[in-house]
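Reviewing the structure listed below.
Both ligands and their constituent atoms are indexed starting at 1 by order of listing.
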Amino acid sequence: MLDARLARRLELAPGLPTLPAAAMRLVELGNQPDVGTADLAEVIGKDPALSVRILKVANSPFYARRREVTNVRQALVTMGMNAAVTLALSFTLIPTLQQASEQGGYDRQRYWRRSLLAAAAAREIGRRQCLMREEDLMLAGLVQDLGILVLDVALKDEYRQIAAAAQCHDSLAAAERAALGCDHADVAAWLMGRWGLPGHLVEAVAGSHQVALDVASPTTDGPTLLRGAVALSGAIADVWLADDTRRAADRAAQQVARALGWSAEEVQALLEAVGAAEPELARLFEIRLDDPESTAGVLEQAREALILQNLRMVHEVVEVREQAQAYEQQVRELEERTRRDPLTGLYNRDQLFRRLQDEFTGAAMGGWPLTLVVLDLDHFKQVNDEYGHLAGDQVLRRVSAVLHDAVRGEDVVARYGGEEFVLLLPGVHWQDAQRVVRRVLERVRGTDLGLKEAPQLRVTASAGLAVQEGGRPFVDTDSLVAAADQALYTAKNQGRNRLVVDPVLREHA
Ligand SMILES: Nc1nc2c(ncn2[C@@H]2O[C@H](COP(=O)(O)OP(=O)(O)OP(=O)(O)O)[C@@H](O)[C@H]2O)c(=O)[nH]1
């Protein structure tokens with residue numbers, strides 16, 4: 001917003017650009033809801049220079065149809081009303097701005113190059129994002145800096161002093177805000193508002209220094225997209241005007257990536273298209289540039305900067321992926337830890353019952369046997385009583401390692417509780433399972449428990465075995481566990497240090 005005193009000063013300034021009569025009529029026409037092609041053709045037809053230009057554009061590759069357009073009415077139909085009004089407005093405004101740029105002390109070449117490049121950039125972004133109203137984009141891009149001309153003409157030396165210290169477009173706007181409380185985008189919007197130009201154009205120019213984030217989101221409305229494209233167009237134009245091209249290209253690419261999600265390659269293609277469109281637009285608007293073809297060097301430097309940025313982005317993507325993998329690994333490890341018994345590292349009781357249920361269902365569906373063994377250390381209380389609880393823990397760890405190493409990877413070894421363990425052996429018939437368990441008991445018996453206070457100490461274990469197999473299917477996991485428990489009870493009663501199998505199996509044998 002403009003402060004009232006500044007607005008008053010600008011209003012009274014002698015060289016303030018005024019809206020040409022033809023443009024005024026076009027604005028009025030644009031505001032009428034039921035305006036037709038004939039009305040517009042009449043306004044344009046009164047200005048021969050404007051008519052010629054409109055015909056030229058209608059026949060340019062931008063709009064070209066199969067048949068040549070020979071009169072203004074056909075041209076308006078070809079382009080559509082809105083496009084034609086906006087283009088005609090652009091044509092009628094240019095001489096006013098040119099006059100202002102000749103009068104003032106601001107670098108004329110710099111002004112027009114930025115305006116043309118921004119117009120080309122806004123139009124290209126619109127094309128690539130499939131935004132309608134390319135002419136609006138072009139016009140808003142073209143006039144976004146007109147506030148510079150206004151301030152230059154109205155405040156003269158005072159403005160030139162403000163502008164002199166600025167190194168780039170951003171610092172110019174910052175210096176304006178510091179000295180005047182607003183920047184040239186506000187001034188341009190103020191004047192365009194006074195001229196009665198369409199509100200969406202005024203807003204787009206007012207917001208031309210605020211690059212919005214995520215402009216390309218599917219919920220964004222037309223005026224926001226227009227504003228976003230115009231704001232980006234300035235940063236793109238600055239690639240050609242900045243002292244440090246690489247930095248400007250880097251910055252523009254980052255802004256475009258953030259707002260539209262484009263890759264560095266897409267930004268490079270955009271820069272190439274803008275570079276090619278600049279002389280075309282200069283011809284269209286009849287703006288003389290000292291060296292319009294001097295874009296090759298700039299594009300080359302921009303390309304190098306964007307290749308580097310691309311590499312950086314690839315690197316960042318790899319880093320992010322690695323971080324995600326490390327995080328997933330941590331989550332997996334945490335999950336695994338919650339499944340394990342902290343003392344022995346074997347599966348805990350919860351996990352045992354989960355696995356048992358899965359294996360039980362799998363065995364029933366697949367028709368293969370499932371052997372369950374409950375194994376309990378003998379007289380373990382004595383170990384604790386004689387050597388202490390820590391020694392008891394050590395024994396439990398050593399025995400657990402033996403159990404873990406004695407079975408196959410697909411078998412399950414769990415700590416059932418205290419000094420009791422469970423082995424689950426899917427797909428193993430009970431005769432084979434017997435051999436496995438006997439071997440396990442043998443190993444437990446021979447295991448050096450590593451107790452300093454009792455190097456010779458050894459422990460024995462008792463085991464009970466039950467199988468879910470064709471002959472006698474258990475109705476559920478509890479009854480399978482109960483059968484194995486019962487066999488273990490028998491083993492203890494028969495004197496320990498032995499395996500007892502579920503008696504039903506022996507009957508079937
Ligand atoms: N050190 C240690 N001892 C445990 C742990 N969990 C259970 N115990 C002990 O294991 C012993 C189990 O003793 P009991 O149930 O009487 O059985 P037992 O002495 O092995 O005798 P039988 O099973 O009849 O051969 C108790 O002394 C418990 O305190 C543990 O995590 N660490």
Side-chain angles (χ1 to χ4, degrees), residues 333-356 371-407 411-425 430 433-434 436-467 477-503 505-506:
E333 282 171 13
L334 268 175
E335 281 174 358
E336 188 61 16
R337 228 179 287 161
T338 62
R339 293 186 192 123
R340 301 272 172 189
D341 163 51
L343 177 69
T344 61
L346 297 179
Y347 283 131
N348 59 25
R349 205 182 159 91
D350 278 354
Q351 185 61 15
L352 166 68
F353 282 107
R354 222 167 283 140
R355 289 292 305 270
L356 174 58
T371 295
L372 186 144
V373 180
V374 185
L375 188 147
D376 187 281
L377 295 186
D378 298 330
H379 302 304
F380 186 63
K381 189 171 178 307
Q382 283 174 18
V383 178
N384 272 332
D385 291 349
E386 270 178 52
Y387 305 103
H389 209 263
L390 286 180
D393 283 354
Q394 158 93 353
V395 171
L396 289 174
R397 275 196 296 268
R398 285 283 165 116
V399 171
S400 297
V402 169
L403 299 182
H404 181 267
D405 295 345
V407 297
D411 299 333
V412 175
V413 186
R415 188 177 178 202
Y416 191 38
E419 79 310 3
E420 228 176 337
F421 302 88
V422 166
L423 309 181
L424 266 186
L425 313 170
W430 72 275
Q434 266 195 90
V436 172
V437 178
R438 293 222 162 86
R439 200 179 64 224
V440 169
L441 295 184
E442 182 80 43
R443 287 206 195 159
V444 171
R445 224 174 279 140
T447 296
D448 178 354
L449 302 167
L451 291 186
K452 272 197 238 92
E453 50 277 62
Q456 303 306 319
L457 183 73
R458 301 290 182 267
V459 286
T460 62
S462 305
L465 182 155
V467 178
T477 54
D478 283 352
S479 43
L480 177 63
V481 174
D485 249 342
Q486 186 56 46
L488 170 66
Y489 184 74
T490 309
K492 290 278 181 184
N493 278 340
Q494 288 179 356
R496 300 180 172 81
N497 189 20
R498 72 195 59 216
L499 165 69
V500 170
V501 298
D502 176 11
L505 294 171
R506 281 202 303 273

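- Electrostatic pairing of E336 and R340 counts as a salt bridge here, judged by a charged N lying under 4.0 Å from a carboxylate O.
- Here D378 pairs with K492 in a salt bridge; the nearest charged N to carboxylate O distance falls below 4.0 Å.
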What pairs of donor and acceptor atoms, side-chain ones from residues 379-392 against any protein atom, are under 3.5 angstrom apart with sequence neighbours left out?
| unit_1 | atom_1 | unit_2 | atom_2 | d |
| --- | --- | --- | --- | --- |
| K381 | NZ | D385 | OD2 | 3.0 |

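- Evaluation of the side chain to side chain contact (heavy atoms under 4.5 Å, CB included) rule for A487 yields V500 as partners, not counting sequence neighbours.
- Contact residues of ligand 1 (protein heavy atom closer than 4.0 angstrom to a ligand atom; sorted by chain and number): L343, D376, L377, D378, H379, F380, K381, N384, H389, G392, D393, L396, R415, G418, E419, K492, R496.
- By the salt bridge (charged side-chain N to carboxylate O under 4.0 Å, His left out) test, D485 pairs with no residue at all, sequence neighbours left out.
- Defined by atom type and a distance below 3.5 Å, a donor-acceptor pair is present between the side-chain atoms of R445 and N497.
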